[in-house]
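By convention in this document, chain letters (A, B, ...) are assigned in the order of the sequence lines, proteins followed by strands, and residues within each chain are numbered from 1.
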2 protein chains.
Amino acid sequence: MSAKTETPRERYRAQVRAEIKDHAWRQIATAGASALSLNAIAKLMGMSGPALYRYYAGRDELITELIKDGYRSLADRLRAAADDGADVRALARAVRGWALEDPNRFFLLYGTPVPGYHAPDETTVISAEIMAVLLDTWSREPGAPTAEDPETPFAAHLRDHRAWSRGHPAPPAVLHRALSLWARVQGVLSLELAGQFTGMGFDAEAFFEAEITDLVTTAAAGRPAPSAQ
Amino acid sequence: MSAKTETPRERYRAQVRAEIKDHAWRQIATAGASALSLNAIAKLMGMSGPALYRYYAGRDELITELIKDGYRSLADRLRAAADDGADVRALARAVRGWALEDPNRFFLLYGTPVPGYHAPDETTVISAEIMAVLLDTWSREPGAPTAEDPETPFAAHLRDHRAWSRGHPAPPAVLHRALSLWARVQGVLSLELAGQFTGMGFDAEAFFEAEITDLVTTAAAGRPAPSAQ
DNA sequence: CCTGATGAGTTAGAAGCTATAACGAAAACT
DNA sequence: AGTTTTCGTTATAGCTTCTAACTCATCAGG
């Protein structure tokens with residue numbers, strides 16, 4: 001990071017912006033993103049309402065920044081896990097750990113989209129980085145599908161629509177596996193964190209493990225070509 | 001339905017409540033649940049603000065009613081599909097069709113939970129009804145797991161935690177399958193409808209089909225006992 | 001038929017929010 | 001030292017939910 005001789009003012013400004021974000025995260029963690037209030041943050045920081053607009057153009061800009069930081073934290077976590085030699089299972093567990101750490105942060109990124117909001121390019125770049133970690137990890141997985149295995153129809157489709165993998169060398173079957181991992185993790189986590197399992201009595205973590213086990217073992221066993229579309 | 005000789009007043013009241021819900025659904029469909037405004041609905045109906053509080057105690061009660069109706073509509077849809085002899089695949093497609101019909105309705109039920117809100121008993125009853133349809137359909141599925149198949153660890157866990165199935169005779173392996181179906185459908189749909197796939201270029205419907213195909217075919221093929229965990 | 005209760009709708013207002021405008025004061029640059 | 005930039009303030013508009021108090025119509029019983 002090029003620390004380009006910051007003036008004291010710039011440093012102060014950056015520090016205040018950071019403090020605002022800090023309060024914002026605390027607020028989100030306790031009451032969800034919808035409860036985020038610039039006014040309340042300002043008062044918490046001892047200054048009055050509109051002062052915050054010197055630091056963030058508005059609620060949307062602050063939320064955008066939070067989303068960007070959220071993606072960044074997940075990407076870093078997964079990258080670190082991968083660097084530690086995590087396999088697919090460990091990677092999935094890393095995602096779950098990250099999500100349980102702050103469920104509302106998870107929902108900020110992967111929950112109900114906010115009406116008018118449109119993700120800036122930076123977040124899609126980080127998303128691609130996350131996808132790259134998934135692809136790398138699947139590629140290293142012992143029983144991962146290879147180019148020789150029979151190809152599912154959807155893998156064939158991905159052969160022609162793999163721009164999102166940004167030149168990653170993984171074969172289409174691995175792209176398919178990575179998307180499945182993403183979707184299945186998302187499925188369990190969004191249900192679990194939204195409280196859809198409460199009252200059902202079974203262990204959500206055990207279910208999560210079962211889903212990942214299924215994903216990994218059916219990949220290792222190879223799979224019969226599906227009969228019906 | 002016992003039409004218990006309604007007075008004209010009661011009929012009027014019921015009709016106004018229905019009209020309010022109608023506007024609310026329209027608002028939710030176009031701008032999401034967070035944009036739902038009692039004030040705006042009142043003005044749209046030609047009456048001024050607080051008049052609505054004669055019909056709904058507050059925003060929360062209206063949303064609760066909408067959520068209940070939402071679950072009802074999904075449950076009815078699935079029940080109808082099952083009555084038409086739908087197999088697991090068709091049932092999954094029915095869920096997706098229902099979700100695509102009004103994505104914000106899907107998110108109202110299965111998206112980011114609203115902070116203070118707690119689901120009333122009625123919705124959990126309807127949820128159980130939906131689950132029953134899933135279990136029925138899986139039980140009828142030709143290649144569904146039986147009590148003789150080797151049992152996954154999670155199915156064993158479900159053997160002792162199956163209160164949520166409310167006395168349904170399906171074996172634990174089928175309970176497991178039903179939960180998997182739920183989670184996998186939820187995974188693809190929440191990502192797709194939140195726009196997480198936009199810009200990636202592949203066909204979300206094809207991915208959905210592939211997920212269901214995988215779920216159904218691995219069930220039919222039986223599965224090797226997982227080595228780890 | 002007339003009277004009294006019930007319920008619908010009104011305006012006024014409190015408390016909260018986002019956001020803009022106009023202004024004072026402090027700090028930094030020239 | 002003077003000028004400009006930046007920070008923080010108050011005032012204000014417009015929106016929200018929701019309560020309180022009041023008017024008026026409708027409906028039921030004597």
What residues, two or more places apart in sequence or in another chain, satisfy side-chain hydrogen bond (donor to acceptor under 3.5 Å, both in side chains) together with A:His168?
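Only A:Asp136 meet the side-chain hydrogen bond (donor to acceptor under 3.5 Å, both in side chains) criterion with A:His168.
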B:Gln186: side-chain hydrogen bond (donor to acceptor under 3.5 Å, both in side chains) partners, not counting sequence neighbours
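So B:Gln186 forms a side-chain hydrogen bond (donor to acceptor under 3.5 Å, both in side chains) with A:Ser190.
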For residues 32-40 of chain B, please give each side-chain donor-acceptor pair under 3.5 Å, one per line with the distance, not counting sequence neighbours.
residue : atom : partner : partner atom : Å
B:Ser37 : OG   : B:Asn39 : N            : 3.4
B:Ser37 : OG   : B:Ala40 : N            : 3.0

So which protein nitrogen or oxygen atoms get under 3.5 Å of nucleotides 13-20 of chain D's nitrogens or oxygens?
residue : atom : partner : partner atom : Å
D:dT16  : OP1  : B:Ser37 : OG           : 3.2
D:dT17  : OP1  : B:Leu38 : N            : 2.6
D:dT17  : OP2  : B:Asn39 : N            : 3.0
D:dC18  : OP2  : B:Tyr53 : OH           : 3.4
D:dC18  : OP2  : B:Arg59 : N            : 2.6

Can you give me the N/O atom pairs linking the protein to nucleotides 24-30 of chain D at distances under 3.5 Å, or say none if there are none?
none

Under 4.0 Å between a side-chain N/O of B:Ser48 and OP1 or OP2 of C:dG9, yes or no?
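No, because none of the side-chain N or O atoms of B:Ser48 sits under 4.0 Å from OP1 or OP2 of C:dG9.
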Under 4.0 angstrom between A:Tyr55 side-chain N/O and D:dG8 OP1 or OP2
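For D:dG8, OP1 or OP2 has a side-chain N or O of A:Tyr55 closer than 4.0 Å.
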Counterpart residues, salt bridge (charged side-chain N to carboxylate O under 4.0 Å, His left out), relative to [X] (two or more places apart):
X	result
B:Arg140	none
A:Asp76	A:Arg72
B:Arg162	none

Output side-chain donor-acceptor pairs under 3.5 Å for residues 194-204 of chain B, partner residues at least two apart or in another chain, one line each.
residue  : atom : partner  : partner atom : Å
B:Gln196 : NE2  : A:Leu109 : O            : 3.0
B:Thr198 : OG1  : B:Gly195 : O            : 2.6
B:Asp203 : OD1  : B:Glu205 : N            : 3.2

Got a sec, which residues hit side chain to side chain contact (heavy atoms under 4.5 Å, CB included) with B:Ile63, two or more places apart in sequence or on another chain?
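B:Ile63: side chain to side chain contact (heavy atoms under 4.5 Å, CB included) contacts with B:Arg59, B:Ile67, B:Leu108.
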By side chain to side chain contact (heavy atoms under 4.5 Å, CB included), which residues pair with A:Ala29, not counting sequence neighbours?
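Partners of A:Ala29 under the side chain to side chain contact (heavy atoms under 4.5 Å, CB included) test: A:Asp102.
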Using whole Å, report how far [atom1] of [X] lies from [atom2] of [N].
X	N	atom1	atom2	value
B:Met47	C:dA8	CE	P	10 Å
A:Tyr56	C:dT20	OH	P	17 Å
A:Arg54	C:dA22	CZ	P	13 Å
A:Leu52	D:dG8	CG	C1'	11 Å

Taking the six-membered ring of A:Tyr55 as reference, does the NZ or CZ atom of A:Arg17 fall below 6.0 Å from its centre and within a 45° cone about the axis?
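Ring-cation test returns no.
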Heavy atoms only: give me the nearest B:Ile28-B:Asn104 pair and the separation to one decimal.
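Shortest heavy-atom contact: O-ND2, 2.9 Å.
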Listed in order of residue number, which residues of residues 11-24 of chain B have a non-hydrogen atom at under 4.0 Å from DNA chain C?
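Of all residues in residues 11-24 of chain B, the ones placing a heavy atom under 4.0 Å from DNA chain C are B:Tyr12, B:Arg13.
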